[in-house]
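Letters go in sequence order (proteins before strands), and every chain restarts at 1.
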Amino acid sequence: MISVSTEYMDIGRIAESGQCFRMERAADERSYEIVAGSRMVRATPADGEYLLDCDENTFNAFWKDYFDLGTDYSAFTDRIDRNDSYLTAAVKCGGGIRILRQDPWEMIVSFLISQQNNIKRIRRCISNISEKYGRKMARSDGSVYYAFPEPEPLAVLDEDALMECNLGYRSKYVVRAARDVCEGRFAPDSLTEMSCEQAREALLRLYGVGEKVADCICLFGLHHLSAFPVDTHIKQALAREYPDGFPFERYKGFEGVIQQYIFNYELVRK
DNA sequence: TATCAGGCCCTAG
DNA sequence: CTAGGGCCTGAT
């Protein structure tokens, strides 16, 4: 068991933030089951902290980095303009937010599915494709979960085959991306060598990837903190709170972190 | 019943 | 290059 303070990392808040679609409430309605690639960890809220049911080696080798626990977010939040009452309130309301370091391929598929879609259904779609095309995994306690699907089993499908998994018109986006990977036209691993701008350009060439989706992949799959995805909520918030323009310059290099605080704040206020 | 949810593609002008 | 219709599906 590993414990992490809620103030430092708030799993519940991150689960709502829409950056990860495989953080689901377990059957006990209290703990979260978090799946990343083919790994799974259970996080149980305790007194001001979360208990992760992994051993120290696994934590240090994987989850610590996954949750970006080596980064001090107060270095970001300390740079908020104190005269900016909106951002100040947003940061106050977003304690424990972190930008996860997730897998690029997983983020490509997840955010292709996310477009014109709601979080609840996105979760179900991803759960569906994982159960059907992901590897079945068994934990030592006997419980079962499904790894995120690799490109190979998806690449051989008919373009509309994933409609069966409820992806709707996004089915062909996912199948084509899988084919691009398997047939050598696109290498998700190569993205990690690129700058944010280079990766964005490469991603935009994928069918079904537009600017918003590309930015999400850069931020959550490549940890380019300068990526600033603008969805309808962010657009509305910026128009309402910053009619003369948002001060991007001030937050250069960690715009994406600020985006998460704004997004969370908007969600909480609804 | 209509609208829209964390968009993108494609076509017209 | 910009505007606008179409797109799967489920929730409200």
Side-chain angles (χ1 to χ4, degrees), chain A residues 12-25 90 93-94 97-100 102 104 106-133 154 157-180 185-186 199-242 246 248 255-270:
Chain A
R13 209 185 299 285
I14 295 169
E16 299 302 314
S17 76
Q19 60 174 300
C20 173
F21 304 103
R22 300 202 76 186
M23 272 190 173
E24 297 190 68
R25 278 271 164 69
C93 168
I97 279 180
R98 312 194 75 77
I99 310 284
L100 304 180
Q102 300 180 80
E106 203 168 324
M107 293 300 97
I108 290 169
V109 174
S110 298
F111 285 99
L112 277 172
I113 292 172
S114 79
Q115 62 188 86
Q116 199 62 23
N117 207 342
N118 57 63
I119 293 181
K120 192 175 170 188
R121 199 179 132 207
I122 298 166
R123 284 221 176 87
R124 204 168 54 239
C125 288
I126 291 174
S127 164
N128 289 343
I129 62 170
S130 297
E131 283 184 27
K132 195 152 165 81
Y133 301 104
L154 302 177
L157 298 176
D158 186 82
E159 287 197 349
D160 291 330
L162 295 176
M163 285 184 155
E164 198 178 314
C165 295
N166 257 296
L167 300 216
Y169 66 88
R170 308 161 193 84
S171 173
K172 57 180 177 295
Y173 298 161
V174 173
V175 173
R176 283 208 208 176
R179 287 183 190 162
D180 284 344
R185 290 182 296 276
F186 183 85
R200 193 172 190 273
E201 293 298 318
L203 288 163
L204 284 172
R205 282 185 226 122
L206 292 174
Y207 182 59
V209 173
E211 311 218 346
K212 191 272 181 180
V213 169
D215 286 335
C216 285
I217 299 166
C218 283
L219 182 56
F220 305 125
L222 300 167
H223 209 72
H224 285 304
L225 300 185
S226 60
F228 189 90
V230 178
D231 54 53
T232 53
H233 291 175
I234 295 290
K235 186 185 272 186
Q236 285 171 29
L238 294 189
R240 185 183 67 239
E241 305 293 336
Y242 303 90
F246 184 77
F248 286 105
E255 297 92 324
V257 178
I258 304 298
Q259 190 267 13
Q260 279 299 100
Y261 285 107
I262 296 175
F263 188 80
N264 173 257
Y265 192 43
E266 288 297 312
L267 227 65
V268 168
R269 300 193 326 160
K270 276 182 186 157

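Judged by closest nucleotide on DNA chain B, Gln19(A) is the one of Gln19(A) and Arg176(A) placed further toward the 5' end. Comparing Tyr173(A) and Phe220(A) along DNA chain B, the residue whose closest nucleotide (by nearest heavy atom) sits nearer the 5' end is Phe220(A).
A donor-acceptor pair is defined here as one N or O able to donate and one able to accept, closer than 3.5 Å; no such pair exists between the side chain of Glu106(A) and the backbone of Gly221(A). Arg170(A) places a side-chain N or O within donor-acceptor distance of the main-chain N or O of Leu167(A), the cut-off being under 3.5 Å. Side-chain atoms of Ser226(A) do not come within 3.5 Å of backbone N or O of Glu255(A) as any donor-acceptor pair. Gln259(A) places no side-chain N or O within donor-acceptor distance of the main-chain N or O of Phe228(A), the cut-off being under 3.5 Å. In this structure, Arg179(A) contributes its side chain and Val174(A) its backbone to no donor-acceptor pair below 3.5 Å. Under the 3.5 Å distance criterion, the side-chain polar atoms of Gln19(A) are matched with a main-chain donor or acceptor of Arg98(A). Listed for the Ser130(A) side chain is a donor-acceptor partner under 3.5 Å among the backbone atoms of Ile126(A).
For Lys212(A) and dG7(B), a side-chain-to-base donor-acceptor distance below 3.5 Å is absent, hydrogens and geometry of angles not being considered. Below the 3.5 angstrom threshold, one finds a donor paired with an acceptor across the side chain of Tyr169(A) and the base of dG7(B).
Scanning DNA chain C for stems, defined as runs of 3 or more consecutive Watson-Crick or G-U wobble pairs whose donor-acceptor distances all fall under 3.5 Å, gives the following ranges: B:2-5 with C:9-12, B:7-13 with C:1-7.
For Cys216(A), the listed nucleotide lying nearest its side chain is dG6(B); candidates were dG6(B), dT9(C), dG7(B). Side-chain proximity of Tyr207(A) to the nucleotides dC10(B), dG6(B), dA11(C) is greatest for dC10(B). Which of dG6(B), dC8(B), dC8(C) sits closest to the side chain of Arg170(A) comes down to dC8(C).
Across all strands shown, Ile119(A) has heavy atoms under 4.0 Å from base atoms, whether or not it also approaches the sugar-phosphate. Contact annotation for Gly208(A): backbone-only contact, meaning every heavy-atom pair under 4.0 Å involves sugar-phosphate atoms and none involves a base. Residue Gly210(A) is in sugar-phosphate contact alone, with no base atom involved, counting any heavy-atom pair closer than 4.0 Å across all strands shown. In this structure, Leu206(A) reaches the sugar-phosphate backbone alone: every heavy-atom distance under 4.0 Å involves primed, P, OP1 or OP2 atoms, never a base. Using a 4.0 Å heavy-atom criterion, one finds that Ser110(A) contacts no nucleic acid atom at all. Counting non-hydrogen atoms under 4.0 angstrom, Val209(A) reaches the backbone sugars and phosphates but no base.
Atoms CZ (Phe111(A)) and C1' (dA5(B)) sit 15 Å apart, rounded to a whole Å. In this entry the distance linking NZ of Lys172(A) with C1' of dC8(C) reads 9 Å, nearest Å. Atom CZ of Arg123(A) and atom P of dA11(C) are 14 Å apart (whole Å). Atom CD of Gln236(A) is separated from atom P of dC4(B) by 11 Å (rounded to the nearest Å). The distance from atom CD of Gln116(A) to atom P of dG5(C) is 14 Å, rounded to the nearest whole Å. Computed from coordinates, the Asn118(A) CG to dC8(C) P distance equals 17 Å when rounded to whole Å. Atom CD of Glu159(A) and atom C1' of dC8(C) are 15 Å apart (whole Å). Rounded to an integer number of Å, the gap from Ile113(A) CD1 to dC8(B) C1' is 15 Å.
Two residues are said to be in side-chain contact when any heavy atoms from C-beta on lie closer than 4.5 Å; Asn264(A) and Arg13(A) meet this criterion. Taking the side chain as every heavy atom from C-beta outward, Gln260(A) and Ser17(A) approach each other to under 4.5 Å.
At dG7(B), none of the side-chain N or O atoms of Gln115(A) fall inside 4.0 Å of OP1 or OP2 (strictly under the cut-off). An OP1 or OP2 oxygen of dC8(C) is reached within less than 4.0 angstrom by no side-chain nitrogen or oxygen of Asn166(A).
Distance noted for atom P between dG6(B) and dT12(C): 12 Å (whole Å). Atom P of dA2(B) sits at a distance of 15 Å from the matching atom of dG6(C), rounded to the whole Å. Annotation: dC10(B) and dC8(C) have their P atoms spaced 13 Å apart (nearest Å).
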